Protein chains: 2
Amino acid sequence: MKQRISIVELAKHLGLAVSTVSKAINDRGDVSDATKRRVLEAAEKLGFSPDPAGRRLRTQTSETIGFVLSPPQSHFAHPFFLDLLMGIDQGLSETPFQLIIVAARTLETELDSFRRLVERQRVDGVMFGRTRRDDPRIRYLQERNVPFVALGRSETGKPFPFVDIDRTVAGRNGTARFVGFGHRRIGLLSTPGYLMISRLLQEGYRAALKAAKLPFDADLVVETSNDEAGGLSGARQLLALGNPPTAIMCGHDLIATGAMQAIAETGRRPGVDIPVIGCDNHPLGPYLNPPLTTFSAPTLEAGRRMVELLLALMDGGSPEQLQDIWSPELILRSSHGGQLVAAAEV
Amino acid sequence: MKQRISIVELAKHLGLAVSTVSKAINDRGDVSDATKRRVLEAAEKLGFSPDPAGRRLRTQTSETIGFVLSPPQSHFAHPFFLDLLMGIDQGLSETPFQLIIVAARTLETELDSFRRLVERQRVDGVMFGRTRRDDPRIRYLQERNVPFVALGRSETGKPFPFVDIDRTVAGRNGTARFVGFGHRRIGLLSTPGYLMISRLLQEGYRAALKAAKLPFDADLVVETSNDEAGGLSGARQLLALGNPPTAIMCGHDLIATGAMQAIAETGRRPGVDIPVIGCDNHPLGPYLNPPLTTFSAPTLEAGRRMVELLLALMDGGSPEQLQDIWSPELILRSSHGGQLVAAAEV
DNA sequence: GTGAACTCCGAAATCGTTTTCGTGCGTAAG
DNA sequence: CTTACGCACGAAAACGATTTCGGAGTTCAC
């Protein structure tokens, strides 16, 4: 292990005072350009970089932001999550902050993860996703007054910063497209009801029905777990109806995958006899049979943006100004089917 | 923000010396059980927990281990990676260590990520995956003498701790199964050649051929990127051969997914006319058409084990003793096809 | 009763920074 | 020539923990 050099040794080497060296390195005032250059050069040559522990102790900051992985039920939609993480890391890479992550095992212990993060590790800020309509994490963080930014808005507490990829427009545009194709009974396979995205998706769905003067039938919307198994069982339930839907809008690509499976079970051709649309542009979508029509989710960009918002917040920005709502775009492949044949109507 | 309490205030509150309180909290000797209890209770009541910055400065340790995400080409097989991360976090959760992650953007800057981690952040240990046959990361870490454990062995440098899910057995057992079904020309779609898993997979493949006294045909193995697109183009290449394979073994489920697509393009039924086997048990495998036969990859457990190995290493363990090789198991679904019909032989 | 051995606790040094507050010096104004 | 002032740098005090070492007080053997 190459041995480390401390700032006092560097100062001694330069014949300068420690304080001067410190100021030079941090580019604070009160030091001439000449010595500043001299210090920087020596630091480079001797491989000096300030020990974070010392700095953190003195400045009373951890230079750390925490991300907590939601409990693994549904795994927070794998690729989605990974992209988000990379975006966050990219955003952080130009700052002195480091990203620490913890995984919550269950919904019950999730809050403990947050507590450990802020009370023990003393992170400077927090990020998380899968916001819920009523979200105890938000309440906790606001109560402790710790800066945070969420992926997805919520109905909880005071205003807070977030990036939201608007499920309302997915719900609205997806079902509107089905309506345009002549469908009159459109199923909705939504994520669990406590999630904010579920609420928004259903709002969009109802708005589209209303615009088309179509009746709302509660039997046609089922909330299910956010994965393939959920899509499978949810679609089975839908297809077992006396008057089953002729098209299905899904709250996630994984759900759509399961739904297509369920459709195939009944002997019908998924995406053809019963069209399907998903959400979040899962990378495997193009390889499904038929390729899955879905809505975009610029997750990497969302991660980067979340960092910007968090930094702005810690910089004194007001939460109301730090809320992004992005509209997902329809990605047409082929599972959305086409014009409904006349015979199939009624 | 609820205000923090430092150890001196706690000591004052108790009428004890700071040193005594510290010893009580860290359960070091030289303090009676009675006062130890008293201190712990007060700490609990007043919500005291030691400031990591102070401790780290004094103990000259960062209590931090770093994980670096491989460059996004192929995204390190999403769900695989997430499970690994959760395993690592679970392993770490009982220790004072925190997990910090950084994402390498490209192969070129990957080493810089490592350097930042050890030279600037001063992590106590490092983890990474996707080991390569010749791996500069390993060289760097061994040179700097920083403790690390890898996911996957390598041909680089001195012995080091790792957990390896043995691709050799996947390669061997997968092709052996095809052989058993009567196939004589078996394609191998492998991950990029510089990866260790690629090398091992091919070793297993050749071993199975040899055992069956089948000739090795270099045309039948193609190395390709570790994703669906790679599988697609690789399989196309294989199928365009004058004497194409009648079955394809794949180095990853994502590759298998692309391969099935390519097979379908030619009008043949993937998994039936041309059987396919993948690796790593991707969660979407059961939802492919037909469901994908694959090899298991207990990634969560691997993550947990990696933590154990790292801690053991930092505790003075010898690297040679800290190497796990796990055998993946065949997960039979249906894409492996069945008995080859006699007519297809030659 | 005395010395030794053993417990338990406290004073102070230390880890590597940043930051405040002087201090000396040179320069410009009067 | 004196005074005032700005500029560049240095001394020292934090930040919050751990650890070493020494010193009371107690117990025990002789």
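Predicted, not measured: the structure shown is a model, and the values here were computed from it. The sequence lines fix the lettering, A, B, ..., with proteins before strands; numbering per chain opens at 1.
- Here the straight-line distance linking atom CZ of B/Arg153 with atom CE of B/Met196 works out to 6.0 Å at 0.5 Å rounding.
- Between the C1' atom of D/dC9 and the CG atom of A/Leu10 lies a distance of 15 Å, rounded to the nearest Å.
- If you take CZ of A/Arg38 and C1' of D/dC9, they are 12 Å apart, rounded to a whole angstrom.
- Atom C1' of nucleotide D/dG16 and atom CD of B/Glu63 are separated by 13 Å, given to the nearest angstrom.
- Taken over five-pair windows at either terminus, the axes of the helix from C/dG1-D/dC30 to C/dG30-D/dC1 are inclined to one another by 50° (rounded to 10 degrees).
- To the nearest 0.5 Å, the span separating CD on B/Glu155 from CD1 on B/Ile138 amounts to 10.0 Å.
- Although no hydrogens or angles enter the test, the distance criterion places a donor-acceptor pair under 3.5 Å between the side chain of B/Glu9 and the main chain of B/Ser6.
- Using a cut-off of 4.0 Å between Lys/Arg side-chain N and Asp/Glu carboxylate O, A/Arg305 and A/Glu308 are scored as salt-bridged.
- Remark: the backbone N or O of B/Ala53 is paired with a side-chain donor or acceptor of B/Asp51 at under 3.5 angstrom.
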**Asked** What one-letter contact string describes nucleotides 15-27 of chain C from 5' to 3', where B marks a base within less than 4.0 Å of any protein heavy atom, S marks contact via sugar-phosphate atoms alone, and - marks no contact?
**Response** BBBBB--------
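- Judged purely by atom type and a 3.5 angstrom limit, B/Asn26 has no side-chain atom pairing as donor or acceptor with the backbone of B/Arg28.
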When the side chains of residues 120-129 of chain A are checked against the rest of the protein, which donor-acceptor pairs come out under 3.5 Å, sequence neighbours left out?
| residue | atom | partner | partner atom | Å |
| --- | --- | --- | --- | --- |
| A/Gln121 | OE1 | B/Arg56 | NH2 | 3.4 |
| A/Arg122 | NH2 | B/Ser49 | O | 2.5 |
| A/Asp124 | OD1 | A/Ser62 | N | 3.3 |
| A/Asp124 | OD1 | A/Ser62 | OG | 3.3 |
| A/Asp124 | OD2 | A/Thr61 | OG1 | 2.9 |
| A/Asp124 | OD2 | A/Ser62 | N | 3.2 |
| A/Asp124 | OD2 | A/Ser62 | OG | 3.3 |
| A/Asp124 | OD2 | A/Glu63 | N | 2.6 |
| A/Asp124 | OD2 | A/Thr64 | N | 3.4 |

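- Not one side-chain nitrogen or oxygen of B/Thr35 sits closer than 4.0 Å to the OP1 or OP2 atom of C/dC8.
- In this structure, B/Leu141 and B/Phe160 have side chains that are not in contact, with every pair of non-hydrogen atoms separated by 4.5 Å or more.
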